[in-house]
Amino acid sequence: MPTHKSDFLNILTERGYIHQCSDNAGLDGLAAKGDLVAYVGYDCTAPSLHIGHLLSIMMLHWMQVTGAGKPIALMGGGTTRVGDPSGRDETRRILTIETIEANKNAIKGVFAKLLRFGSNKTDAVMADNAEWLAPLNYIEFLRDVGRHFSVNRMLTMDSAKLRLDREQELSFIEFNYMLLQAYDFVELARRYNCNLQMGGSDQWGNIVTGIDLGRRMGTHQLYALTCPLLTTASGAKMGKTAAGAVWLNEDHLGAYDYWQYWRNTEDADVGRFLKLFTLLPLDEVARLAALHGADINEAKKVLATEATALIHGRDKADAAAETARKTFEQGALATDLPSVTIPASEFAAGIGVLAAFVKSGLVKSNGEARRQIQGGGLRVNDEPVTDEKLQLNSATLTGDGVVKLSLGRKKHVLLRPE
């Protein structure tokens with residue numbers, strides 16, 4: 001039986017999005033009437049968001065499609081200049097304003113894939129907190145906003161406390177981040193009638209501080225809703241791989257590699273990730289999650305294709321699935337595997353196998369390549385590499401004019417001389 005009046009909270013509960021809520025009944029009432037205006041903030045620290053951000057974007061998506069209210073995607077053009085200390089042991093690198101602007105413009109596109117923007121009641125809007133943070137007068141800010149904050153209480157927040165407990169430096173500029181995020185909530189309440197902030201559970205302290213600031217500065221009632229910080233069944237942090245973050249922008253991580261990330265999901269995580277990262281109906285999720293043994297691989301392929309379709313589109317998701325099928329099930333050379341090019345003249349002269357694997361991005365260094373060779377982990381054209389002095393040249397080309405480099409059984413890159 002549904003436990004809430006609103007479809008929004010019922011779906012978020014059933015799919016596993018909810019970790020903390022400041023006032024379940026109050027939030028449910030607003031959602032049932034379609035009166036939510038909710039925001040999530042995204043700092044512009046890189047030219048792409050990663051799948052750690054995807055959970056909160058999906059929460060905005062479900063709010064919109066259930067008619068619960070208006071989503072606001074808040075770009076942190078201002079807060080990125082300070083840096084959020086949450087969940088970090090070291091100070092974030094201070095970025096130039098030009099870099100922040102470039103990053104902001106690069107990450108905007110992903111939201112249009114999951115949100116509908118426009119001028120209607122539940123259409124999404126995009127805002128940038130630089131609009132109100134950049135012109136702030138420091139003295140006025142201290143007087144009007146800073147006076148509402150207790151340093152004693154701020155020191156108990158995880159973003160500060162964990163850093164200090166580990167005897168890691170917490171800069172004064174980072175310590176101010178909590179004030180700025182709380183002030184964002186107040187400004188969005190005033191400008192857009194915003195009444196809900198959502199985010200990861202590590203943001204709970206900052207969000208409820210914003211609720212308290214709103215009460216002190218005379219806004220309407222504000223609410224908080226957080227999603228869990230995901231880890232895999234084996235305890236690894238979600239969205240991190242040996243090669244780095246799982247980026248959402250295709251120029252940072254191609255559709256095929258994105259598909260492969262989801263295909264390699266641990267068996268115990270398949271059902272949970274189908275709920276969180278696809279739009280499949282829950283009865284279909286339950287059917288797939290119930291598969292066992294070798295059959296669970298079919299569920300993983302569905303997860304990979306559906307998750308990839310959300311971010312890269314159905315055509316690229318299906319193409320990635322077909323490339324994988326050809327590569328792994330037929331043993332064929334799929335020429336649309338990820339590839340890197342190398343000047344034909346350089347290739348004709350011969351390139352060492354260690355350098356080739358580094359250039360492909362499959363390994364990070366010659367030393368790592370040597371270790372993989374010793375463990376039997378590297379292959380050229382599906383043949384194990386046993387000689388670290390092997391030279392790749394025109395004699396190594398397949399009939400398709402490429403060299404297939406493989407790390408293990410699942411990671412492949414085509415080397416293309418051009």
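- Summarising the geometry, atom CD1 belonging to I57 is positioned 4.5 Å from atom OH belonging to Y42; distances are rounded to the nearest 0.5 Å.
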* Apply side-chain contact (heavy atoms from CB on, under 4.5 Å) to the pair Q221 and I211, showing each step before the final yes or no. => CA-CA 8 Å; Q221 179 62 53; I211 293 176; 4.2 Å; yes

* **Trace of the side-chain hydrogen bond (donor to acceptor under 3.5 Å, both in side chains) decision for Q20 with T226** => CA-CA 5 Å; Q20 297 150 302; T226 65; 2.7 Å; yes

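- A salt bridge does not link E368 with R371: every distance from a Lys NZ or Arg NE/NH1/NH2 to an Asp or Glu carboxylate oxygen is 4.0 Å or more.
- The closest side-chain heavy-atom distance from W132 to L136 is not below 4.5 Å.
- Interatomic distance, CD of E322 versus CG of D318, reported as 9.0 Å (0.5 Å rounding).
- With salt bridges taken as basic N to acidic carboxylate O contacts below 4.0 Å, one links K121 and D35.
- Across every non-hydrogen atom of A38 and L60, the tightest pair is O-CD2, 3.8 Å.
- The two residues L248 and I311 have their closest heavy-atom pair at O-CG2, 3.4 Å.
- Counting heavy atoms from C-beta on, the side chains of L310 and L54 never come closer than 4.5 Å.
- When side chains are defined from C-beta on, Y183 counts as touching L133, because their heavy atoms get closer than 4.5 Å.
- Just one of N264, D269, V270 meets the side chain to side chain contact (heavy atoms under 4.5 Å, CB included) condition when paired with E266; it is D269.
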* Might you work through the side-chain contact (heavy atoms from CB on, under 4.5 Å) test for Y223 and L30, ending with a clear yes or no? => CA-CA 10 Å; Y223 299 86; L30 288 172; 3.4 Å; yes

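- Counted within 6.0 Å of CG on D251, heavy atoms from surrounding residues, nucleotides or ligands total more than 12; the atom is thus considered enclosed.
- Across every non-hydrogen atom of Q64 and P71, the tightest pair is CB-CG, 3.8 Å.
- Environment of CD1 in I97: sparse, with no more than 12 heavy atoms of neighbouring residues, nucleotides or ligands closer than 6.0 Å.
- Between W262 and V246 the shortest side-chain heavy-atom distance does not fall below 4.5 Å.
- Rounded to the nearest 0.5 angstrom, N24 CG and L225 CG are separated by 8.5 Å.
- Contact annotation: the side chain of I207 never approaches that of M198 to less than 4.5 Å [non-hydrogen atoms, C-beta and beyond].
- Using a 4.5 Å heavy-atom threshold, the side chains of V65 and D7 count as separate.
- A distance of 6.0 Å or more separates the ring centres of Y39 and Y192.
- T209 places no side-chain N or O within donor-acceptor distance of the main-chain N or O of A182, the cut-off being under 3.5 Å.
- Of the charged side-chain nitrogens involved, at least one lies within less than 4.0 Å of a carboxylate oxygen, so that R314 and E306 count as a salt-bridged pair.
- For the atom pair CG of D257 and CH2 of W247, the computed distance is 14.5 Å after rounding to the nearest 0.5 Å.
- Two residues are said to be in side-chain contact when any heavy atoms from C-beta on lie closer than 4.5 Å; R263 and T305 fail this criterion.
- Between V358 and K364, the shortest heavy-atom distance links the atoms CG1-O, 4.2 Å.
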* Do L276 and L230 pass the side-chain contact (heavy atoms from CB on, under 4.5 Å) test, and can you show the C-alpha distance, the side-chain angles, and the key distance before you say yes or no? -> CA-CA 10 Å; L276 295 172; L230 284 186; 3.6 Å; yes

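- Closest heavy-atom contact between S48 and H252: CB-CG, 4.1 Å.
- Counting only residues at least two apart or on different chains, the side chain to side chain donor-acceptor pair (under 3.5 Å) pairs with a member in residues 286-296 are E284-R287.
- Checking Q197 against Q203 by side-chain atom types alone, no donor-acceptor pair falls below 3.5 Å.
- Contact detail for A233 and A268: the closest heavy-atom pair is CB-CB, 3.7 Å.
- Residues M58 and L279 form a side-chain contact, since some pair of their non-hydrogen atoms from C-beta on lies under 4.5 Å apart.
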* Report the C-alpha distance between D212 and H148 in whole Å, list the side-chain angles of each, state the deciding distance to 0.1 Å, and finish with yes or no for side-chain hydrogen bond (donor to acceptor under 3.5 Å, both in side chains). => CA-CA 9 Å; D212 184 59; H148 296 299; over 6 Å; no

* Check the pair H4 / L12 against side-chain contact (heavy atoms from CB on, under 4.5 Å), numbers first and verdict last. => CA-CA 10 Å; H4 299 92; L12 259 58; over 6 Å; no

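- Taken to the nearest 0.5 Å, the OG1 atom of T13 stands 3.5 Å off from the CD1 atom of I18.
- In this structure, CG on L49 lies 4.5 Å from CD1 on I107, to the nearest 0.5 angstrom.
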